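The basis for the numbers below is simple: all heavy atoms, side chains too, and nothing from hydrogens, waters or symmetry mates. Here the structure is a predicted model, which is why all the values come from computation and not from measurement.
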Amino acid sequence: MINHVWGLLAHPDREWKQIDNERESVSHAYAHHILWLAAIPAVCAFIGTTQLGWSFGGNHLLRLSPWTAFTIGVMSYALMLGAVYVMGSVIHWLARRYPDRPSKERCVVFAGYIATPMFLSGLVALYPLVWLCALAGIAGLCYTAYLLYVGIPNFLNIDRREGFIMSGSTLAIGVLVLELLMAMTVLLWGYGLQFG
């Protein structure tokens, strides 16, 4: 199912080569990796917000009803799946000037694997403290950036210097997409806190 998770966390250089050799399709990557990992933040947030409730630092906890949390979780999940596709499209667009430009399909698969640490950071939503979720999100973003810097040169068959420039551009756009995704998620969960 999600056989590359440990490799991406423990030895990303080797794992990127193995992923590249597999020539995985988008449908296979979604079915065996992205759909499962993107569910982690949604499911954990559902459990955390319905069982424990959001804590904003005081003794007051805000719980959502199961239906509200489910609805918001499904919308957040769909946003995450869409963000992976958008980032794959961005990587494909940025790679247009390289001679060995990968297909859009391969770029989407690559984006799905890069998002792995971000998805895993969603585990902390089981205990939904705002500061803890923010800290885990930052840690996930940092490791995602590392995976991007390690993976881009191998993925595009370019030297490290050129890969650093490409990774920086991709990361800058990715952070904008992430901020948009986070803003939409905050609005969804904030709406749920008002009506849940």
Residue pair D20 / F110, side-chain heavy-atom distance below 4.5 Å: no
Distance-only donor-acceptor check, side chains E22 and H4, under 3.5 Å: yes
Distance flag, aromatic centroids of Y146 and Y143, threshold under 6.0 Å: yes
Within-4.5 Å side-chain heavy-atom neighbours: K104 and V26: no
I34 side chain near M80 side chain, heavy-atom distance below 4.5 Å: no
Side-chain touch I152/I158, heavy atoms, less than 4.5 angstrom: yes
Flag, side chain of H32 to backbone of H28, donor-acceptor distance under 3.5 Å: yes
pair L35-Y77: side-chain heavy atoms closer than 4.5 Å: yes
Minimal non-hydrogen separation, M118 against L141, with atom names: SD-N, 3.1 Å
Side-chain H-bond candidate by donor/acceptor type, E162 with Y98, under 3.5 Å: yes
R23 side chain reached by R106 side chain, heavy atoms, under 4.5 Å: yes
W16 vs F155 side-chain heavy atoms within contact, under 4.5 Å: no
